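Report on one structure; see the data block that follows.
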Amino acid sequence: MPRAELEVGEEGDYDPDVASPLVSVSVDLDAVECYYRIHALGEAPAGEARFAILRRALPRLAELFAKHGISATLFVVGRDLEGDDEGRRIVAELARAGHEIASHSYSHPYDLARLPREEMAAELDRAHAAIAAAAGRPPVGFRAPGYEISAGLIELLCERGYRYDSSAFPAIPYYLAKAAVMAALRVTGRQSGSILGSAKVLGAPCTPYRPAAGAPYRRGDLPIMELPVTVTPLLRLHVIGTTLVIAPEWLRRRLVASALGTVHFNLELHGIDLADAVSDGISPALIRRQPDLRVSLDRKLAALDRTLSEARAAGARFLTLAEAAEEFAKG
Ligand SMILES: [Zn+2]
C-alpha cells in the first residue's frame with residue numbers, strides 16, 4: 001500500500017527505497033490584527049499584542065528551526081516592517097541567518113486578487129521595497145492573503161520576475177469549513193474581513209506546476225512556479241500548522257506521514273501558531289474564536305517539534321521555497 005494514503009505511515013515506518021521527501025517550511029507572519037478582521041472583531045488590538053507575531057512568536061519559531069537546522073521561508077507583510085523597528089531587526093537577523101524572506105503583500109488585503117490592477121501592483125511593489133530594505137535582498141516568492149490568486153496577480157508577479165507563488169491551497173474540507181464559518185458570521189449580521197475565494201482552487205494541481213496564462217489554477221507554461229500548500233492525496237485534507245497544533249496526536253502523525261509521501265511537503269505555518277495567548281496579551285474575544293489560541297504554547301511547540309523530527313527521520317531534504325521552485329522549474 002502506498003504510504004501516501006492517510007491510513008498508513010506510523011512513525012518509523014518509512015521505506016528506505018523511497019526517495020527523500022522534499023520538505024519546505026514556511027511561515028505567514030500575519031499580524032494579530034488580521035485575525036480581528038477575519039472574525040469581524042472590530043478595533044485592532046492595542047499595546048504589545050499588536051507586535052506579538054514578529055516580536056514574540058517569530059523568535060520561538062526561529063529557535064525551533066535552529067534546533068532542527070532548517071532554513072525556512074518567512075512571508076512578511078511589508079507594512080508590518082514599517083513602524084516596528086524591533087520586528088524589522090528580527091526579520092533582518094533571520095535573513096542573515098539564512099532564512100528566505102518572501103512577500104505576503106504590503107497591507108494583507110484579503111481581496112488582493114480582486115483589486116484593480118494598479119492597486120494590486122502597488123501592494124506588490126510597496127511590499128517588495130520594504131522587504132528588500134529589511135532583508136538586504138529582494139524577495140523572489142509570494143503568497144497571497146487568504147490564499148487567493150487570479151490571472152492578473154500572477155501576471156504582475158511574472159512581470160516582476162518572481163520565481164514562484166505559493167498560494168494555491170486545494171483543500172476541500174478547509175474550503176467547506178471556511179464557507180460555513182463565514183455563513184455563520186453573516187447570520188449574526190457580521191461580515192468577515194476575509195473572503196472565501198474561487199472554488200476553482202479545488203480543481204488545482206496538488207503538486208508544483210507552471211500556471212497557465214489566464215488560468216492560474218491550471219497547468220500551463222508561465223515563467224513562474226506555483227507551489228501549492230500541501231494537502232493529503234485522496235481526501236485533500238489540509239496539513240498546515242494550525243491543524244497540526246490542535247489535532248490529537250494520532251491524527252497529527254498520520255497527516256504528517258501522508259504529507260511526507262507527496263512530491264513536495266509544503267508545510268505552511270502561521271506566526272500565530274506559536275502565540276501564547278496569555279503572555280502575549282491576546283484578547284479573550286479572539287481566544288474565543290481561534291481554537292489554536294486555547295492550546296498551551298508547550299503543547300503547540302511539541303507538536304511542531306515532533307513534526308520536524310518525523311520529517312528528518314523519514315530522510316527529508318529541507319529546502320526553502322525559493323530553492324524548491326528552482327528544482328521544480330528544472331523539471
Ligand atoms: Zn496571511
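Please read all numbers here as calculations on a predicted model, not as lab measurements. Atoms within each ligand, like the ligands themselves, are counted from 1 in listed order.
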His270 vs Tyr35 aromatic rings, parallel, tilted or perpendicular, using cut-offs 30° and 60°?
perpendicular
Using 30° and 60° as the class limits, which term best fits the ring planes of His99 and Phe65: parallel, tilted or perpendicular?
tilted
Salt-bridge present (Glu93, Arg96; N to O < 4.0 Å):
no
Are Ser166 and Glu268 close enough, and set up right, to give a side chain to side chain contact (heavy atoms under 4.5 Å, CB included), and what steps lead you there?
CA-CA 10 Å; Ser166 181; Glu268 183 215 28; over 6 Å; no
Can you sort out the partners of Arg60 under salt bridge (Lys or Arg N to Asp or Glu O under 4.0 Å), two or more places apart, ordered by chain and number?
Asp280
Closer than 2.8 Å to the Zn ion (ligand 1) - protein N, O or S atoms, ordered by chain and residue number:
Asp30 OD1, Asp30 OD2, His104 NE2, His108 NE2
Hey, would you say the Phe142 and Tyr164 ring centroids sit under 6.0 Å apart?
no
